[in-house]
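Inspection log for the structure reproduced underneath, given as structure tokens.
What you are looking at is a predicted structure, and each value in this text was computed from that prediction instead of being measured. Start at 1 and go down the list; that is how both ligands and their atoms are numbered.
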Amino acid sequence: MTKPIPVIIDCDPGQDDAIMLFLALNAPELDIRGIVAVGGNVPLARTRLNLAMLVETTRRTDVKLYSGAIRPMVRDLVTAEEVHGITGINGFEFFEPEMKMQDIHGVDFIVENLRGARDNEITIIATGPLTNIAMALVKAPDIADKIKQIVIMGGASFEAGNVTPSAEFNIYVDPHACDVVLKCQRPIIMFGLDVTHKVMTNPARVAAIRALGNPVSEAAADMLDYFGKHDSKKYSSGGAPLHDPCTVAWLLKPELFELKPCHVAVETGSELTMGHTAVDFWQVTDNTANVQWAYDVNADRFFDLLTERLEQYQ
Ligand code: BDR
Ligand code: CA
């Protein structure tokens, strides 16, 4: 097998972040250098607690966890309890985790880890607001060269916004951070609502996960049951979109997705369209593409992959 890909994961768990973590934490293809929590779906105090419980559930207690930014760079934090429940991972059975956050701040961990890396070495997976990544790039611009690629869940183009008519949640929460990241001149792969809304859970898919019968698959099914209830009403569907796991699924099996190089810019001025991602899908400007924009996915194969990987847990 080829060498595992060195990754830093930045997230705001969230049920779909949780499934992303479950997919990443037993993937032999990934070498996880650290996982950072950011305030997003719920406040930081909860996202970092959720992170510790979720990682401990997978028994990957060797992975180092960090607490990152408590609020966005410029704006006030907006959270999404109406989607994820008051805990952020409603459906999950809480316990007191033994895993603790490392003493160093998440942004400083990102800076130090990248400074110690080779050029073009580290892949960043970001499934929450981009605050930590942007803060690290602002604090230490020299780290940009160490980044191989940034794989982001965020944005929307053909699909309408899910938090305002114009914007997807992660980008809406910290549009200024998104602006810094989009301008960092490193390869960026973006999984926005155009593609994540094609990866819908349904009762049969969740039942297949529950039937695996291990503690991780059962925790996943419990969370997806809760997540599905809210989103099936919102989207008039049988379940919920698995946004965040698209990032890791692409790293494991890129052939499941269709991507197109596009220029992407983010709105940071207008209150009406704040956080809107302007994706030049049809190349109507002369702007050079700064993003590989995901627009299609084989959802059946995605769920096959997820189910196979969850089955590996004991
Ligand atoms: C994104 O926002 C959050 O609610 C989810 O965890 C996902 O990262 C979807 O818009
Ligand atoms: Ca998320």
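For a threshold of 3.5 Å applied to N or O pairs, the pair formed by H243 and ligand 1 contains no separation below that value. The shortest N/O to N/O separation between D12 and ligand 1 does not fall below 3.5 Å.
Looking at H276 and S166, their side chains never bring a donor and an acceptor atom within 3.5 Å of each other. No side-chain donor from either of D280 and N287 sits under 3.5 Å from a side-chain acceptor of the other. No hydrogens or angles considered: a donor-acceptor pair under 3.5 Å links the side chains of T131 and D174.
At a 4.0 Å cut-off, not a single heavy atom of V83 sits close enough to ligand 1 to count as contact.
Listed by number with element, the atoms of ligand 1 under 4.0 angstrom from any heavy atom of E168 are 1 (C), 2 (O), 9 (C), 10 (O). Close approach to N162 involves these atoms of ligand 1, each under 4.0 Å from a residue heavy atom: 9 (C), 10 (O). Atom numbering of ligand 1 starts at 1 in the shown order; those under 4.0 Å from a heavy atom of F169 are 2 (O), 3 (C), 4 (O), 10 (O). Of all atoms in ligand 1, numbered sequentially from 1 with element shown, those under 4.0 Å from a heavy atom of T127 are 8 (O). Of all atoms in ligand 1, listed by their number and element, those nearer than 4.0 Å to a heavy atom of D16 are 5 (C), 6 (O), 7 (C), 8 (O).
Residue E93 places its CD atom among 12 or fewer non-hydrogen atoms of other residues, nucleotides or ligands, all under 6.0 Å distant. Crowding of E255 atom CD: a count of heavy atoms from other residues, nucleotides or ligands under 6.0 Å exceeding 12. Heavy-atom contacts from other residues, nucleotides or ligands closer than 6.0 Å to CG of D119 number more than 12. The environment of CG in D103 is sparse: at most 12 heavy-atom neighbours from other residues, nucleotides or ligands sit within 6.0 Å.
For D244, every heavy-atom contact with ligand 1 shorter than 4.0 Å involves the side chain, none the backbone. With a 4.0 Å heavy-atom cut-off, ligand 1 is reached by no atom of T196. Contacts between H84 and ligand 1, counted as non-hydrogen atom pairs separated by less than 4.0 Å, involve the side chain only. If you look at V163 next to ligand 1, there are no close heavy atoms at all, none under 4.0 Å.
Among protein atoms, those of element N, O or S found less than 3.0 Å away from the Ca ion (ligand 2) are D12 OD1, D17 OD1, D17 OD2, T127 O, D244 OD2.
Here the side chains of T87 and M53 are not in contact, with every heavy-atom distance at 4.5 Å or above. At least one side-chain heavy atom of N120 sits less than 4.5 Å from a side-chain heavy atom of K148.
For the ring pair (Phe, Tyr, Trp, His ring centres under 6.0 Å) test with Y295, the passing option among F281, F158, F191 is F281; the others fail. A side chain to side chain contact (heavy atoms under 4.5 Å, CB included) with R46 is found for one member of N41, I89, I86 and no other, namely I86.
Scanning all protein heavy atoms for the shortest distance to atom 3 (C) of ligand 1 gives N41 OD1, 3.0 Å.
A distance of 6.0 Å or more separates the ring centres of Y66 and H105.
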